Each structure stands twice: as C-alpha cells, then as structure tokens.
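Just so we're clear, the structure is a prediction, and the values are computed from it rather than from any experiment. Starting from 1, each residue takes its place in the sequence as its number. Heavy-atom basis, side chains included; hydrogens, waters and symmetry copies ignored.
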Amino acid sequence: DQHAVEFHVDHAMGTVGAVAIDAEGDLFAGTSTGGTCCKHSGRVGDSPLIGCGCYADAQAGGVSCTGLGEAIMRVVLAKTAVEFLRAGKSAQETAQACTKLLFQRGRGTGGLILLDRNGVPGFSFNTSRMAFGYVSPDGSYVIEPHQ
Ligand code: ASP
C-alpha cells in the first residue's frame, strides 16, 4: 500500500509492445518489459514467455500483452487471444474478451494490442491508462490517447 518512489526506479521507462504484418502476410509480435514493482530480483514475468506476453501465428493473428505478469501467465493471454481469433472472433471482440478473462480468471489488470491475419487491429486494457497506436492502410498514424 505504500508505494515509495524507490520501488519504481527499475521500471521507470515502462513497457513497449509491437505487432506487425508484412507483405506476405507473416505476423510478428514482440514485447519489452519495464518490470513491475515489489517483485524479487530475477523474477521471470510474462514478457519472455511465448504465448503469455506475445504470440504470432500467420493463420490467425499476432498479439502483444502487458500488465500484471502473474495474471497474464495464469490465462496464457497472447495464445488465448490467437485462439479466439482462430475461432472467428473479430480483432476488437478478441481484445475485449481477453481483458475480461484477464480480470475474471487471471485476477489482474493489463491490456493487449493485436492484429488479425488480415491486419485488422484490436486493443483493450482494464488499467486506468494504456497508450497505443497503429498505422492505417492509407499510411496515416492513429494514436490513442489522441495527440
Ligand atoms: N508484464 C510485465 C511483468 O509483469 C510488466 C510490464 O512490463 O508491464 O513483468
């Protein structure tokens, strides 16, 4: 309950995730980590675990997640999102179903960005704030919160 500044020095730079589709339709996903507060040194979070912090499958979609790693790992969030896409949910339906699952079954907060196999983006988060953006087919940049 007492989040003193010294608990935040190691993750002051935050986290960045990215998902891309190339001209051949191959999908790529990556997630960095800024770490999270009050964890033991050496803890392995969701970010380096394929299927948790990120996952990509050219037949379904690519996903990058962040938030409370233990909750993301509990529901294998990125792979779960890809399976929702494979089952026919839209990109945005998938993103929203994932943050609901993260909260209800994972018992945590976070968010995700994704592209389906056609390059359609989806985003959702259940934290107070998570910035995201994408390049639209016409080459323009869409950034939220709007700048
Ligand atoms: N998901 C990361 C972790 O729990 C934290 C973050 O980078 O936002 O390790």
Side-chain angles (χ1 to χ4, degrees), residues 1-22 26-136 141-147:
D1 293 337
Q2 306 267 326
H3 274 93
V5 163
E6 60 260 31
F7 290 117
H8 291 277
V9 289
D10 289 340
H11 55 279
M13 298 308 287
T15 297
V16 177
V19 182
I21 187 167
D22 72 10
D26 287 328
L27 281 149
F28 307 87
T31 308
S32 77
T33 182
T36 196
C37 65
C38 309
K39 298 293 180 186
H40 288 292
S41 167
R43 160 195 176 261
V44 175
D46 60 301
S47 309
L49 301 179
I50 301 302
C52 295
C54 70
Y55 197 77
D57 179 336
Q59 294 180 349
V63 183
S64 175
C65 308
T66 192
L68 182 62
E70 285 70 12
I72 291 170
M73 289 186 267
R74 219 171 268 135
V75 296
V76 196
L77 194 62
K79 172 70 168 155
T80 298
V82 164
E83 294 311 319
F84 285 165
L85 290 168
R86 196 189 312 282
K89 282 193 193 303
S90 73
Q92 192 54 31
E93 284 169 352
T94 292
Q96 288 168 343
C98 282
T99 45
K100 190 172 171 188
L101 183 76
L102 180 64
F103 186 73
Q104 292 180 339
R105 292 209 55 210
R107 303 187 302 278
T109 56
L112 66 163
I113 58 173
L114 62 92
L115 292 176
D116 72 12
R117 68 192 172 107
N118 300 311
V120 176
F123 317 90
S124 185
F125 53 93
N126 59 13
T127 56
S128 55
R129 183 171 169 274
M130 197 169 285
F132 63 87
Y134 61 94
V135 184
S136 354
Y141 292 89
V142 178
I143 301 167
E144 295 292 339
H146 191 71
Q147 295 179 348

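The minimum heavy-atom distance linking Val142 with Ser136 is given by the pair CG2-OG, 3.7 Å. The minimum heavy-atom distance between Met130 and Gly110, with the atom names listed, is CE-C, 3.9 Å. Heavy atoms only, all atoms of each residue included: Cys54 and Ala78 are closest at C-CB, 3.5 Å. Looking at every heavy atom in both residues, Gly106 comes nearest to Ala71 through O-CB, 3.3 Å. Here the shortest heavy-atom pairing between Ser64 and Gly17 reads OG-CA, 3.3 Å. Residues Pro121 and Ala91 approach most closely at O-CB, 3.6 Å, considering heavy atoms.
Here Tyr134 and Phe123 bring their ring centres to under 6.0 angstrom of each other.
Checking side-chain atoms of Glu83 against main-chain N and O of Thr80 turns up no donor-acceptor pair under 3.5 Å.
Put simply, NZ on Lys89 and SG on Cys98 are 9.0 Å apart, with the number rounded to the nearest 0.5 Å. To the nearest 0.5 Å, atom CG of residue Leu77 and atom CG of residue Leu101 are 7.0 Å apart. Separation of atoms NZ (Lys100) and CG (Asn126) is listed at 12.5 Å; rounding is to 0.5 Å. Separation of atoms CG (Leu49) and CD1 (Ile72) is listed at 10.5 Å; rounding is to 0.5 Å.
Applying the side-chain hydrogen bond (donor to acceptor under 3.5 Å, both in side chains) rule to pairs touching residues 45-61 yields Asp57-Arg86, sequence neighbours excluded. Applying the side-chain hydrogen bond (donor to acceptor under 3.5 Å, both in side chains) test to residues at least two apart or on different chains, the pairs with a partner in residues 102-125 are Thr99-Ser124.
You'll find the side chain of Val82 reaches within 4.5 Å of the side chain of Val63, heavy atoms only. For the pair Leu114 and Val19, the minimum side-chain heavy-atom distance is 4.5 Å or more.
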Requested in this report: For Leu27 and Leu115, run side-chain contact (heavy atoms from CB on, under 4.5 Å): C-alpha distance rounded to whole Å, both residues' side-chain angles, the deciding distance at 0.1 Å, then the answer.
Outcome: CA-CA 8 Å; Leu27 281 149; Leu115 292 176; 4.1 Å; yes
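Applying the side-chain hydrogen bond (donor to acceptor under 3.5 Å, both in side chains) rule to Arg43 yields the partners Glu70; only residues at least two apart in sequence or on another chain are considered.
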